[in-house]
Amino acid sequence: MEWLEARATVHRRGAEMPRATEFVALTDAVGRTLATTVRSLTALPSFASSAMDGWAVSGDEPWILGEPILAGDPPTMTVLAPGTARPIATGACVPAGTHGILRSEKGELVSASAAVTVPTLIRSAHTGAHEPALGEHVRARGEECGLDERMLEPGCVLTVPRVALAAVTGHDTLTVTTPPAVELLLLGTEVIESGIPGPGQVRDAYSPEFPALLRGLGVRLSDLRRLPDDLEQTIDAIRSSTAELVISTGGSARGPADHLRAALTALRATVLIDGVRMRPGHPVMLARLADGRLMLCLPGNPLAAMLVLASLGMPLIDGMLGRPLVPLGRVALAHDIANLSGSTRLVAYRFTDEGAVPTARQGSGMLRGLAEADGVAVVPPGGACSPEPVATLPLPW
Ligand SMILES: Nc1nc2c(c(=O)[nH]1)N[C@H]1C(S)=C(S)[C@@H](COP(=O)(O)OP(=O)(O)OC[C@H]3O[C@@H](n4cnc5c(N)ncnc54)[C@H](O)[C@@H]3O)O[C@H]1N2
Ligand code: MOO
């Protein structure tokens with residue numbers, strides 16, 4: 001399967017999975033996925049309010065000054081009469097009859113005469129005669145939204161501004177997708193958990209940061225298990241998992257110590273994707289277990305596993321959460337990047353003043369090239385030519 005098609009396929013397979021929802025308080029909503037449409041429970045602003053500190057004025061100057069109006073004061077029933085003004089605070093209700101708000105730095109108070117003690121407002125020198133214009137510095141009722149308007153759509157990630165928008169439109173709780181449970185199975189007899197690897201051993205590249213990465217993607221990590229390269233133990237581990245999505249690393253190829261394929265066959269799983277034309281990462285598999293749960297098998301090589309997780313794991317999880325498929329980005333290249341492989345090449349790059357430049361050390365068993373990268377370019381078969389922009393992979397880190 002081609003890489004682009006694989007991305008769309010995993011997203012669709014994820015979206016087909018059943019989803020549960022729950023209520024959360026707004027204070028717990030950031031980062032969650034909205035499950036239902038959010039409509040405004042009030043117009044915004046819900047009353048005509050002043051956008052500036054100054055005076056609400058009516059008619060021509062000089063204006064005889066009335067009582068101040070502060071934010072939080074109930075709306076006044078008294079219409080502002082021509083020739084009068086009232087000091088007004090930002091956010092306070094604008095009285096009916098207001099022509100506009102004269103900002104505090106644009107007016108000055110004078111005494112009309114020695115006999116009249118009521119302060120009078122005039123425009124300061126250099127203030128234009130037409131300032132304020134009709135409605136100037138007044139936030140009209142409903143200018144941001146009316147009552148019962150669609151504000152947020154299901155599937156959107158609740159970013160900080162979206163949660164704030166839900167709050168100001170009157171919501172206290174939101175309905176969000178329940179995070180699906182994901183289990184990590186890390187395969188490999190040679191893989192050790194801590195310390196300096198001895199001869200023949202490698203240090204586990206995934207258990208320190210994959211849990212945080214997965215939680216950041218919006219799922220609940222139900223378990224992380226480490227397994228030797230053993231068919232029976234692999235079968236037992238998959239069978240005993242209750243997670244809606246099992247993600248494995250290693251054992252995906254056809255070598256003498258790779259048992260995943262045999263385990264999936266023994267468990268009567270359906271392999272939905274058996275390899276993707278991508279470099280690195282081509283041995284990746286997506287399977288549906290007999291009970292309908294999904295399993296994503298990442299290759300063991302660290303660069304390959306990371307880029308498969310970003311390419312396919314993230315869209316799969318987005319689908320499971322009801323989120324849309326994140327579109328690819330674009331970057332301008334400093335130089336051409338060749339690709340004679342017939343597969344999509346994922347190339348880590350750094351930004352330079354001339355454009356994106358591939359990093360060194362991008363062997364699929366390596367990590368240095370990705371660790372120093374600013375992004376990952378998606379180079380199609382045939383290559384990519386500078387200075388044309390090339391697609392980039394949305395990264396989950
Ligand atoms: N005859 C062929 N052999 C291989 C092919 C091929 O096309 N034909 N593809 C190679 C590629 S590409 C990859 S990727 C690997 C995928 O193999 P597996 O998924 O079975 O992974 P393993 O063999 O178990 O491990 C590969 C490599 O990664 C290291 N590893 C595994 N787990 C971890 C971990 N948790 N942390 C760090 N490193 C890990 C493991 O020690 C191996 O060095 O197949 C190639 N072979
Ligand atoms: O396809 Mo492998 O995944 O290059 O390392």
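Sequential numbering from 1 along the given sequence is applied to the chain's residues. In each ligand, atom 1 is the first atom listed, and ligand 1 is the first ligand listed.
With hydrogens left out, the protein atom closest to atom 24 (O) of ligand 1 is Gly251 N, 3.0 Å, a heavy atom. Looking from atom 35 (N) of ligand 1 to the surrounding protein, the closest heavy atom is Asp204 OD1, 2.9 Å. Counting only heavy atoms of the protein, atom 29 (C) of ligand 1 lies nearest to Gly300 O, 3.8 Å. Residue, atom and distance of the protein heavy atom nearest to atom 5 (C) of ligand 1 are His282 NE2, 4.3 Å. Atom 14 (S) of ligand 1 has as its closest protein heavy atom Asn301 ND2, 3.3 Å. In terms of protein heavy-atom proximity, atom 32 (N) of ligand 1 is nearest to Val191 CG2, 3.7 Å. Counting only heavy atoms of the protein, atom 40 (C) of ligand 1 lies nearest to Glu190 OE2, 3.1 Å.
Checking side-chain atoms of Glu149 against main-chain N and O of Gly146 turns up a donor-acceptor pair under 3.5 Å. Counting only distance, with no hydrogens or angles, the side chain of Thr127 and the backbone of Lys106 share a donor-acceptor pair below 3.5 Å. Using a distance-only test at 3.5 Å, with no hydrogens or angles considered, no donor-acceptor pair links the side chain of Ser50 to the main chain of Gly91. Remark: side-chain polar atoms of Gln233 are not paired, donor with acceptor, to backbone N or O of Asp230 under 3.5 angstrom. The backbone N or O of Gly100 sits nowhere less than 3.5 Å from a side-chain atom of Thr98 that would complete a donor-acceptor pair. No donor-acceptor distance shorter than 3.5 angstrom exists from the side chain of Asp274 to the backbone of Met285, with no hydrogens or angles considered. The closest donor-acceptor contact from the side chain of Arg225 to the backbone of Ala237 lies under 3.5 Å. Listed for the Ser124 side chain is a donor-acceptor partner under 3.5 Å among the backbone atoms of Gly107. A distance-only check finds a donor-acceptor pair linking the side chain of Arg203 to the backbone of Glu193 [under 3.5 Å]. Thr234 contributes no side-chain N or O that, together with a main-chain N or O of Ala263, makes up a donor-acceptor pair within less than 3.5 Å.
The shortest N or O to N or O distance between Ser252 and ligand 1 is below 3.5 Å. The shortest N or O to N or O distance between Leu298 and ligand 1 is not below 3.5 Å. Considering backbone and side-chain atoms alike, Ala205 places an N or O below 3.5 Å from some N or O of ligand 1. Note: an N/O pair closer than 3.5 Å links Ala253 and ligand 1 by distance alone. In terms of N/O distances under 3.5 Å, ligand 1 is not approached by Tyr206.
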What short N/O contacts, under 3.5 Å, does ligand 2 make with the protein, listed by atom pair and distance?
| residue | atom | partner | partner atom | Å |
| --- | --- | --- | --- | --- |
| ligand 2 | 1 (O) | Gly281 | N | 2.7 |
| ligand 2 | 1 (O) | His282 | N | 3.0 |
| ligand 2 | 3 (O) | Gly281 | N | 2.7 |
| ligand 2 | 4 (O) | Ser364 | OG | 3.3 |
| ligand 2 | 5 (O) | Asn301 | ND2 | 3.0 |
| ligand 2 | 5 (O) | Ser364 | OG | 2.4 |

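Heavy-atom proximity to Asp258, at under 4.0 Å, picks out these atoms of ligand 1: 20 (O), 23 (O), 24 (O). Counting the atoms of ligand 1 from 1 in the order shown, those under 4.0 Å from a heavy atom of Val202 are 38 (N), 41 (O).
Within 4.0 Å of atom 37 (C) of ligand 1, at least one protein heavy atom is present. There is a protein heavy atom closer than 4.0 angstrom to atom 17 (O) of ligand 1. Taking a distance limit of 4.0 Å, we find that atom 22 (P) of ligand 1 is approached by some protein heavy atom. There is a protein heavy atom closer than 4.0 angstrom to atom 27 (C) of ligand 1. Distances from atom 1 (N) of ligand 1 to the protein include no heavy-atom value under 4.0 Å.
Nearest heavy-atom pair across Val57 and Ala85 is CG1-CB, 3.8 Å. For the residue pair Ser252 and Arg261, the shortest heavy atom distance occurs at O-NE, 3.3 Å.
Of the candidates Thr189, Leu186, Leu184, Leu186 is the only one forming a side chain to side chain contact (heavy atoms under 4.5 Å, CB included) with Arg226. Exactly one residue among His137, Arg123, Arg103 makes a side chain to side chain donor-acceptor pair (under 3.5 Å) with Glu131. That residue is Arg103.
At a threshold of 4.5 Å between side-chain heavy atoms, the hydrophobic network of Ile, Leu, Val, Met, Phe, Trp and Tyr places Val138 and Met52 in one connected group. Residues Phe23 and Val38 do not share a hydrophobic cluster, clusters being chains of Ile/Leu/Val/Met/Phe/Trp/Tyr side chains in contact below 4.5 Å.
Under a 4.0 Å heavy-atom criterion, Arg203 is in contact with ligand 1.
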